[in-house]
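Written out below as structure tokens is the structure these notes cover.
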Amino acid sequence: MPKHIARLIVLLVGFVVVGLLAKSFFTDESFYRYGHYRADSVAEIAAQELEFQTPRYCRECHSERVAQWSANNHKTVSCEVCHGAARGHPKKGKLPLPADAEVVKLCTLCHEAMPGRPLTQPQIQVASHNPYTSSGTQCTVCHNPHSPKLAGVVAAVTGSIDEGRKHAPSCAGCHGADGISPNDAWPNLAGQNAAYLVRILAAYKSGAEKDVMMSPVAQALSDSEIQDLATYYASLSCKGAPSAPGAGDAVSGKNLAARNCASCHGETGIGTNPAWPTIAGQKAGYLVNMLKAFRAGLRKDPMMAGVTRGLSDADIANLAAYYAAQSCESIPEARTKP
Amino acid sequence: MKPDKKTSFAARRAFLRKLGLAAGTSAAAGAGALGVMQAVAAKSAPASSAKSSPIPDYDWTKHQWAFGVDATKCIGCLRCVEACKVENNVSRDPHHYRTWVERYVYLEGEDRPRIDSQHDPVNIAASGSEGKYRFANRYQDAKVEKAFFVPKLCNQCTHPPCVQVCPTGATYKTVDGVVLIDHKYCIGCQYCVQACPYGARFFNYKEHVTDKCTWCYHRITKGLQPACVEVCPVGARIFGDLKEKQSPISQFIRNNRTRILKPETGNAPNVFYVGLDKDVL
């Protein structure tokens, strides 16, 4: 063999040996274990930390809220969609609730009417959705995000006034012969919305709402008697002896009312939806008790629970004083469904 | 659409593979370093599935993951896009994403749909801030004949072209059916970005590596759902194990007539769609 060929072969073999040595030296130990890749990288990727923790994690502390959420229409919207990824919570502090200015933006991500959204998706025309445009309030004033459906469905009232008058004496003991209560802690019924009276009596009857006095009374009533009573009391004049204004400050109550209550109950306590009660001229003591009951969850209304959550005892007294001082007779501008 | 159905593509692949094998063997026989070659070949052959799983407390031979998208349910809220970025620490700028949602709008008198996604300038303007995503209501006053949203993500193909072109073994298909990227071995050549027919891969300029959806491999190996599935408020995204007959994805495929994207490529994607129009590719 010529010398230069032999040299070339030695050189080539040298290259191959160096190459193979380098490969075995530089190739990761786990490479080729399962295929042409580094097996250790699988475990490295799988070890990435979780940002989203799932509702199961939230339930450990917020069980009550999770129970409410999981029983209502937003149950398919996981906690972390609105509250953000829960990693590090609660150690690193509170999860930010959407700021007031952000709430409308957040809700309309899913609920703004838009071509392409399936018709089954509840959608609103943001520009004309009544309470929002009329008062500039946030969605969460009327809709509890954990239970977004409003209790605003108006029950049909077909009772008779005369029949109602016959049953009224059993109510008169507490609510007064003409529907004006003699006691600051019991509500006036005269002039109240019939649809609201039907709804609340039906709730006491079914046990959805509980009250030591009202539950047994309502359970004794038939559905048609409830209709008759509601029609009768709605027909009475609400103008009775003006109720005591209560201990609160009506002026600061007015500001609170505009922010918290007016979009449903009206600025002066006469609302737009007959399924919701008129609260103008109502007994201050009764209003205070009810607001506290909503806040404590003793009365079950998701919307009222949301509204009252941020109210202090002083706020409640001020609100009650303000609404108790309003005239129940003014006629609302329009009774339209929101 | 089962991958085991022998299409003409699969047949052609099998033939080429045999041809290549024959050529390779003869070349190897001719070469002097035959023994060395065999040793290397034996090493690089995929290990039998009997070998243990690389992840502790998780047997990857017992799962075969798959994904479903019900486009008839999608409302285009883009919560999936935002959640994915948070979960996987993806750059918040709207042009880099592991998953995205396309909107198809057919206007009266036009024969082609108008298509946009979260990175369209109008939609960026509507979102208002970096890292927030929303579809602008740009067609509310137009005469819309038909419109719908289509969520998209990596198809985790059974025959992934991105894996085929990777020169370093940085991207690979796991036994349980997910295509992953080893960021330590990725040299940032972006061949795979070019190879993917779905545009599912993007380049991470900060770390100089390629990136893409992993179906949240760190979550699914712990028995959780991928982040996008977790946050979808309408159940448009479905995920599960094909080896389990009652899993959400098995039921989804069984109960619906599904289709896959670009079947003509022969990649055999593992994202199954319901409710797509002919213009969706």
Side-chain angles (χ1 to χ4, degrees), chain A residues 9 12-13 16-17 19-20 23-24 27-28 30-56 74-82 84-85 87 102 105-106 108-118 120-121 123 125-127, chain B residues 32-33 36 40 43-47 51 54-56 58 60 72-79 83 86-89 103-105 128 134-135 137 139-140 142 144 147-149 169-175 180-185 214 217-219 221-222 224-225 227 230-235:
Chain A
I9 289 173
L12 281 175
V13 169
V16 169
V17 168
L20 286 174
K23 187 174 170 23
S24 67
T27 305
D28 192 275
S30 71
F31 209 88
Y32 297 127
R33 190 179 297 157
Y34 298 105
H36 189 252
Y37 58 91
R38 201 165 56 88
D40 287 351
S41 72
V42 180
E44 285 167 23
I45 291 166
Q48 187 186 324
E49 286 204 47
L50 304 177
E51 294 288 336
F52 284 82
Q53 305 286 340
T54 79
R56 214 173 355 175
H74 268 166
K75 60 176 175 249
T76 57
V77 188
S78 174
C79 313
E80 290 162 297
V81 175
C82 301
R87 182 186 171 191
E102 298 293 315
K105 268 184 162 178
L106 182 71
T108 53
L109 274 172
C110 299
H111 295 294
E112 178 178 16
M114 192 185 280
R117 296 212 155 127
T120 46
Q121 172 72 4
Q123 296 168 56
Q125 295 291 346
V126 179
Chain B
V36 177
V40 171
K43 255 179 109 183
S44 61
K51 265 197 184 173
I55 307 165
Y58 171 79
W60 70 351
T72 61
K73 287 186 178 164
C74 181
I75 57 172
C77 64
L78 296 173
R79 297 309 82 206
V86 171
E87 180 71 33
N88 296 300
N89 196 20
R103 170 165 63 182
Y104 290 72
V105 178
R134 82 181 295 148
F135 274 110
N137 205 352
Y139 298 109
Q140 58 181 335
V144 177
F148 53 88
F149 297 96
T171 188
Y172 52 92
K173 179 98 179 155
T174 62
V175 172
L180 296 178
I181 302 172
D182 178 357
H183 280 179
K184 278 192 190 151
Y185 267 41
T214 62
Y217 199 65
H218 59 294
R219 297 177 68 88
T221 49
K222 294 181 184 77
L224 298 169
Q225 302 266 299
E230 185 68 41
V231 301
C232 180
V234 292

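Note that these values count all heavy atoms, side chains included, but never hydrogens, waters or copies made by symmetry.
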side-chain contact (heavy atoms from CB on, under 4.5 Å) evaluation trace for Gln121(A) with Val234(B):
CA-CA 9 Å; Gln121(A) 172 72 4; Val234(B) 292; 3.9 Å; yes

If you apply the rule side-chain contact (heavy atoms from CB on, under 4.5 Å), what do you find for Phe52(A) with Gln225(B), and how did you get there?
CA-CA 10 Å; Phe52(A) 284 82; Gln225(B) 302 266 299; over 6 Å; no

Within a strict 4.5 Å, meaning less than it, do heavy atoms of the Val86(B) and Arg87(A) side chains meet?
no

Checking Leu50(A) against Glu87(B) for the side-chain contact (heavy atoms from CB on, under 4.5 Å) test, could you report, in this order, the C-alpha distance in whole Å, the side-chain angles of both residues, the deciding distance, and whether it holds?
CA-CA 7 Å; Leu50(A) 304 177; Glu87(B) 180 71 33; 4.2 Å; yes

Part of Glu44(A) within contact of chain B (heavy atom distance under 4.5 Å):
side chain

Roughly how far apart are Arg117(A) CZ and Phe135(B) CZ, rounded to 0.5 Å?
9.0 Å

Let me know if Ile181(B) has heavy atoms under 4.5 Å from chain A in its side chain, its backbone, both or neither.
backbone

Looking only at Gly84(A), Pro118(A), Pro55(A), the option with the highest number of non-hydrogen pairs under 4.5 Å against chain B is Pro118(A)

Engaged part of Ala227(B) at the chain A interface, taking heavy atoms whose separation is under 4.5 Å
side chain

Answer with side chain, backbone, both or neither: which region of Asn88(B) has an atom nearer than 4.5 Å to a non-hydrogen atom of chain A?
both

Heavy-atom proximity to chain A below 4.5 Å, by part of Thr72(B):
backbone

Is it the side chain or the backbone of Arg103(B) that comes within 4.5 Å of chain A heavy atoms, both, or neither?
side chain

Using side-chain contact (heavy atoms from CB on, under 4.5 Å), reason through Glu112(A) and Ile75(B) one step at a time and then give a plain yes or no.
CA-CA 10 Å; Glu112(A) 178 178 16; Ile75(B) 57 172; over 6 Å; no

With Tyr139(B) via ring pair (Phe, Tyr, Trp, His ring centres under 6.0 Å) - residues at least two apart:
none

Proximal component of Asp40(A), with respect to chain B [non-hydrogen, under 4.5 Å]:
neither

Residue part contacting chain B, namely of Thr108(A), when any heavy atom lies under 4.5 Å:
both

Less than 4.5 Å to any heavy atom of chain A: does that hold for the side chain of Lys222(B), its backbone, both, or neither?
side chain

Parallel, tilted or perpendicular: rings of Tyr34(A) and Trp60(B) (30°, 60°):
perpendicular

Taking every heavy-atom pair that is under 4.5 Å apart, which of His111(A), Glu51(A), Gln48(A), Glu49(A) has the most such pairs with chain B?
Gln48(A)

Is chain B contacted by the side chain of Lys105(A), its backbone, both, or neither, given a heavy-atom distance below 4.5 Å?
both

By ring pair (Phe, Tyr, Trp, His ring centres under 6.0 Å), Tyr37(A) pairs with (sequence neighbours left out) Tyr172(B)

The reported gap from CG in Leu224(B) to CD in Gln53(A) (rounded to nearest 0.5 angstrom) is 8.5 Å

Looking only at side chains, do Arg79(B) and Ser78(A) share a donor and an acceptor under 3.5 Å apart?
no

Could you grab the distance from atom CZ of Arg134(B) to atom CG of Leu106(A), nearest 0.5 Å is fine?
9.0 Å

Whatever's closer than 4.5 Å to a heavy atom in chain A on Val105(B) counts as neither

